[in-house]
Amino acid sequence: MIDIKKLRDEFETTAAALARRGVALATLEKARDLDARRRSLVGETENLKAQRNAASKAIGKIAKEGGDIASAKEEMRKVGDRIAEIDRELAAVEHDLRETLLMIPNIPAPEIPTGMDSSANVVVRKVGEWKDPDFKILDHMAIGEKLGIFDFPRGVKLTGTGFPIILGQGAKLQRALIQYMLDVHCQTQGYTEMLPPFVVNSDSMTGTGQLPKFAEDLYHCQIDDFWLIPTAEVPVTNYFRDDMLQAKDLPIKLTAYTPCFRREAGSAGKMTRGMLRVHQFDKVEMVNFVHPDTSFQQLEILVKEAEAVLTGLGLHFRVLQLCSGDMGFSAAKCYDLELWAPGEQQWLEVSSCSCFTDYQARRLNCRFKDSDGKTKLVHTLNGSGVALPRLMVALLEQHQNADGSVTIPEVLRPYMNGQEKLLPKA
RNA sequence: GGAAGGUUGGCGGAGUGGUUGAACGCGGCGGUCUUGAAAACCGUUGACUCGAAAGGGUCCGGGGGUUCGAAUCCCUCACCUUCCGCCA
């Protein structure tokens with residue numbers, strides 16, 4: 001949620017900044033007007049309450065002295081009725097205002113490029129290198145077939161399309177990758193591991209911004225009003241919802257492995273081949289709670305932390321800075337990491353690292369006591385570190401050999417009983 | 001699932017209808033002392049919100065109710081603890 005004071009005091013500049021993300025002026029004007037109405041009602045009801053409080057105090061005194069309080073009580077009852085009336089209207093206005101504010105995305109950082117879609121994103125750097133080998137490159141589906149590590153048809157039988165089954169040495173590789181990534185984050189980057197619930201309530205989904213706007217992308221358990229998490233960001237970030245942190249504890253860096261569940265309602269037919277876009281996948285996520293003065297610096301660090309995973313695996317990738325229109329709803333600034341998939345001949349997004357400034361924290365009501373004694377909102381960041389299916393795709397395709405085997409990166413071998421290659425089935 | 005008790009500020013913990021926004025302790029902040037630190041002592045210290053300010057309002061797990069007036073009484077929901085039942 002953006003700061004309503006920004007709309008109050010700096011309407012023009014805020015509107016201009018949000019226009020870069022395609023926010024309609026009318027929405028902002030509605031919020032501004034509701035805010036004005038709200039403040040006027042607050043003034044009215046508070047005056048009456050002050051009056052009532054004073055009168056009640058006096059009534060108490062008179063009653064103690066045995067005086068007559070009947071008429072005063074009657075008068076205050078009327079005041080009470082009026083207060084209730086105003087408060088009802090106030091509650092309605094506040095509800096509308098909140099709903100409106102929840103539909104407004106974060107204000108983009110000034111330095112990010114303007115654009116409505118991915119075509120305006122900027123390649124910041126490429127890391128590692130890729131040279132096509134002198135044998136015919138296979139895509140991950142063909143490699144998976146040779147290795148016998150995927151079963152898509154039976155995934156459809158069990159659940160439906162988009163729920164692949166990973167088998168044997170593939171499953172083992174997946175498990176090794178998860179453990180490797182968590183160890184990188186926890187042992188060398190100062191993270192604390194968390195194993196959170198994979199199902200959360202509506203308050204949590206609202207805290208991180210999935211609700212109310214993106215309900216159709218989520219799986220919902222109606223009976224309990226629970227939601228399957230689309231990313232570990234949801235439970236991990238909500239860990240500190242309605243919390244008061246201390247300045248000396250910041251930054252707090254948490255990482256979690258979880259499965260992620262996404263309906264991908266708007267993406268039917270797009271890039272649905274194999275493992276490229278699925279409804280359930282595994283991911284390791286990093287979440288930072290930081291001091292507001294350091295958040296954009298921390299974002300640069302966070303990107304490097306995600307990159308370290310890919311570099312360690314010897315993979316070629318690029319770093320994109322997203323333009324205003326391509327960023328997630330809550331982000332002020334965002335980098336994507338994309339792995340090269342030679343078999344697909346395309347770049348695959350495996351990580352998105354975002355700085356949310358105070359946008360999430362305001363929704364979450366996550367504050368901290370600064371060293372100057374003031375209470376402030378923390379800034380939150382998160383980044384994938386990283387998503388597994390596409391990592392698996394790129395790894396298979398980049399590390400494939402002429403004989404159909406796939407070389408296992410050295411850093412993973414300790415997690416795979418020393419195994420050096422994935423071997424084709426006999 | 002059944003029964004009983006509980007939920008108060010950053011933390012612990014008083015408080016059962018009228019100067020209680022809340023005693024007391026811890027922690028935090030400022031100071032005295034000290035070469036420095038610790039200890040001790042003194043002072044200070046809730047959040048949110050309206051207001052230019054003065055000042056006002058709201059908040060004692062969530063929601064609703066009674067009352068002129070509720071942390072205090074009633075209803076309801078959630079959570080925690082203990083006991084019983086069931087179960088991986």
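Nucleotide rC87(B) has no partner under the Watson-Crick or G-U criteria, as no pair reaches both atom distances under 3.5 Å. Within the shown strands, rU45(B) is the pairing partner of rG27(B) under the Watson-Crick or G-U definition, both distances less than 3.5 Å. Nucleotide rC73(B) is matched to rG65(B) when pairs are restricted to Watson-Crick or G-U wobble geometry with both distances under 3.5 angstrom. Look at rA40(B): its Watson-Crick or wobble partner, with both distances under 3.5 angstrom, is rU32(B). For rA3(B), the paired nucleotide is rU82(B), the pair qualifying as Watson-Crick or G-U wobble because both relevant distances are below 3.5 Å.
Within 4.0 Å of R8(A), counting heavy atoms only, lie sugar-phosphate atoms of the nucleic acid but no base atom.
Comparing the same atom, P, in rU32(B) and in rA38(B) gives a spacing of 14 Å after rounding to whole Å. Nucleotides rG1(B) and rG51(B) place their P atoms 47 Å apart, quoted to the nearest Å. Only the C1' atoms considered, rG28(B) is 27 Å distant from rU35(B), to the nearest whole Å. The C1' atoms of rC80(B) and rC68(B) are separated by 37 Å, rounded to the nearest whole Å. Between rU72(B) and rC24(B), the two P atoms lie 23 Å apart (nearest whole Å). Rounded to the nearest Å, the gap between the C1' atom of rG31(B) and that of rA22(B) is 27 Å. Between rA78(B) and rA14(B), the two P atoms lie 27 Å apart (nearest whole Å). Taking atom P in both rU19(B) and rU8(B), the straight-line distance is 22 Å, to the nearest Å.
Judged as a salt bridge (Lys or Arg N to Asp or Glu O under 4.0 Å), and not counting sequence neighbours, E99(A) has no contacts.
Not a single donor-acceptor pair under 3.5 Å links the side chain of R52(A) to the backbone N or O of M76(A). Listed for the H185(A) side chain is no donor-acceptor partner under 3.5 Å among the backbone atoms of M286(A). A donor-acceptor pair under 3.5 Å is formed between the side chain of R413(A) and the backbone N or O of I408(A). For R38(A) (side chain) and E94(A) (main-chain N/O), no donor-acceptor pair under 3.5 Å exists by modelled atom type.
You can see that RNA chain B meets the heavy atoms of chain A within a 4.0 Å-exclusive cut from rG10(B) to rG69(B), reading 5' to 3'.
The aromatic rings of F261(A) and Y219(A) sit perpendicular, their planes meeting at an angle over 60°, well past the 30° parallel limit.
Between V42(A) and G60(A), the one whose closest nucleotide on RNA chain B sits nearer the 5' end is G60(A). Both M244(A) and R39(A) lie close to RNA chain B; mapped to their nearest nucleotides by heavy-atom distance, the more 5′-ward contact belongs to M244(A).
Less than 4.0 Å separates RNA chain B from at least one heavy atom of each of the following residues of residues 45-52 of chain A: E46(A), K49(A), A50(A), R52(A).
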Show, in sequence, the C-alpha distance, side-chain angles and deciding distance for T375(A) and R367(A), and conclude whether the side chain to side chain donor-acceptor pair (under 3.5 Å) test is met. CA-CA 7 Å; T375(A) 303; R367(A) 300 161 300 164; 5.8 Å; no
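Put simply, the side chain of K6(A) does not reach to within 4.5 Å of the side chain of T13(A), judged on heavy atoms.
Ring centroids of H379(A) and F296(A) are separated by 6.0 Å or more, keeping the two rings apart. Between F329(A) and F214(A), the distance separating the two ring centers is shorter than 6.0 angstrom.
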